Amino acid sequence: MGAFCKNKQGFNTRDYKWHIFSGGGYPSIEGEDAQKEYERHVSAKYIVMSNGGGPAILTDLRPVNLNYFDAYVFPENMAWTMAFTHEEGWLGPYFAKHPNYSILEKENEAHRQKLEKIEIAKKKGWM
C-alpha cells in the first residue's frame with residue numbers, strides 16, 4: 001500500500017487494492033500486455049499476497065495461473081507488482097513499476113546473478 005497506493009482516496013482500495021490501477025490512481029499496464037511484462041520479469045524470490053490480507057507467501061517460483069484470484073506478486077524489494085483480479089478479461093491483470101524501478105530492478109538482477117553463481121559453485125563442490 002505504501003509503494004503503490006499512497007494516494008488511495010476515492011479508489012475503494014479497502015475492497016480491492018487493485019482498484020488503484022483500474023481507477024487510474026497509479027500508472028500500470030493492463031491485460032495481455034501486463035501478462036507479457038510479468039513473464040519478462042525474473043526474481044530470485046517472489047512474494048504472493050492475497051487481497052484479503054492474511055499471511056503472504058515467499059517462493060522462489062514465479063506464480064502462474066492466478067487468473068480470477070485477487071492476488072499480488074512482487075519481488076522482495078517491490079520493484080514491480082503484478083495484480084491479478086477476479087475480473088480478468090474485463091479489469092486486469094495489472095502490472096505496475098515502483099517509482100524507483102530502475103534502481104530496484106538492477107538490485108534484483110544482481111541478487112539473482114549472485115544466487116546463480118552460488119548454485120554453480122555448490123554443484124562443482126566449491127561450497
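Note: hydrogens, waters and symmetry copies are ignored here, and every other heavy atom, side chains too, is used. Since this is a predicted model, take the numbers as computed values, not measurements.
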Practice task
Tell me whether the centres of the aromatic rings in Y46 and Y72 are closer together than 6.0 Å.
Solution key: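 Ring centroids of Y46 and Y72 are no less than 6.0 Å from each other.
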
Problem - Test of ring centre spacing under 6.0 Å for F74 and W80 - result: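 Between W80 and F74, which both carry aromatic rings, the centre distance is not below 6.0 Å.
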
Minimal non-hydrogen separation, [X] against [Y], with atom names:
| X | Y | result |
| --- | --- | --- |
| I47 | P75 | CD1-O, 4.4 Å |
| A79 | N108 | CB-ND2, 3.5 Å |
| P93 | Q35 | CG-OE1, 4.3 Å |
| A96 | P27 | CB-O, 3.6 Å |
| F95 | A34 | N-CB, 3.6 Å |

Practice task
List the steps and the verdict of side-chain hydrogen bond (donor to acceptor under 3.5 Å, both in side chains) for W18 and D70.
Solution key: CA-CA 8 Å; W18 54 261; D70 296 304; 2.8 Å; yes

Practice task
Please examine the side chains of I29 and Y94, heavy atoms only from C-beta on, and report whether any two atoms are closer than 4.5 Å.
Solution key: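 Sidechains of I29 and Y94: no contact.
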
Practice task
Find out whether K97 and T81 are in side-chain contact, i.e. whether some heavy atom of one side chain is under 4.5 Å from a heavy atom of the other.
Solution key: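 SC-SC contact between K97 and T81 ruled out.
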
[X] side, atom [atom1]; [Y] side, atom [atom2] - distance, nearest 0.5 Å:
| X | Y | atom1 | atom2 | value |
| --- | --- | --- | --- | --- |
| S43 | E107 | OG | CD | 11.5 Å |
| E30 | T85 | CD | OG1 | 8.0 Å |
| K17 | S22 | NZ | OG | 13.5 Å |

Practice task
Please identify each residue that fulfils side-chain contact (heavy atoms from CB on, under 4.5 Å) with A110, with sequence neighbours left out.
Solution key: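 None.
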
Problem - Partner residues of N100 under the side-chain contact (heavy atoms from CB on, under 4.5 Å) criterion, sequence neighbours left out - result: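 Testing N100 for side-chain contact (heavy atoms from CB on, under 4.5 Å), a comparison that skips the adjacent residues, returns H98, L104.
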
When you group the ILVMFWY residues by side-chain heavy-atom contacts below 4.5 Å and let the links chain together, are [Y] and [X] in the same group?
| X | Y | answer |
| --- | --- | --- |
| I103 | M78 | no |
| I57 | Y38 | yes |
| L58 | L61 | no |

Exercise for the section: Answer yes when K123 and E119 have at least one side-chain N-carboxylate O distance shorter than 4.0 Å, and no when they do not. Expected result: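 Salt bridge: no.
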
Exercise for the section: Step by step, work out the ring pair (Phe, Tyr, Trp, His ring centres under 6.0 Å) result for Y101 and H41. Expected result: CA-CA 12 Å; Y101 169 81; H41 282 76; 5.7 Å; yes

Handout entry: Sole residue of H111, R112, K117 in side-chain contact (heavy atoms from CB on, under 4.5 Å) with L115
Key =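 Only match with L115 under side-chain contact (heavy atoms from CB on, under 4.5 Å): H111.
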
Practice task
Not counting sequence neighbours, list each pair that qualifies as a salt bridge (charged side-chain N to carboxylate O under 4.0 Å, His left out) and has a residue in residues 38-65.
Solution key: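 Checked against salt bridge (charged side-chain N to carboxylate O under 4.0 Å, His left out) - neighbours excluded - the pairs reaching residues 38-65 are E37-R40.
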
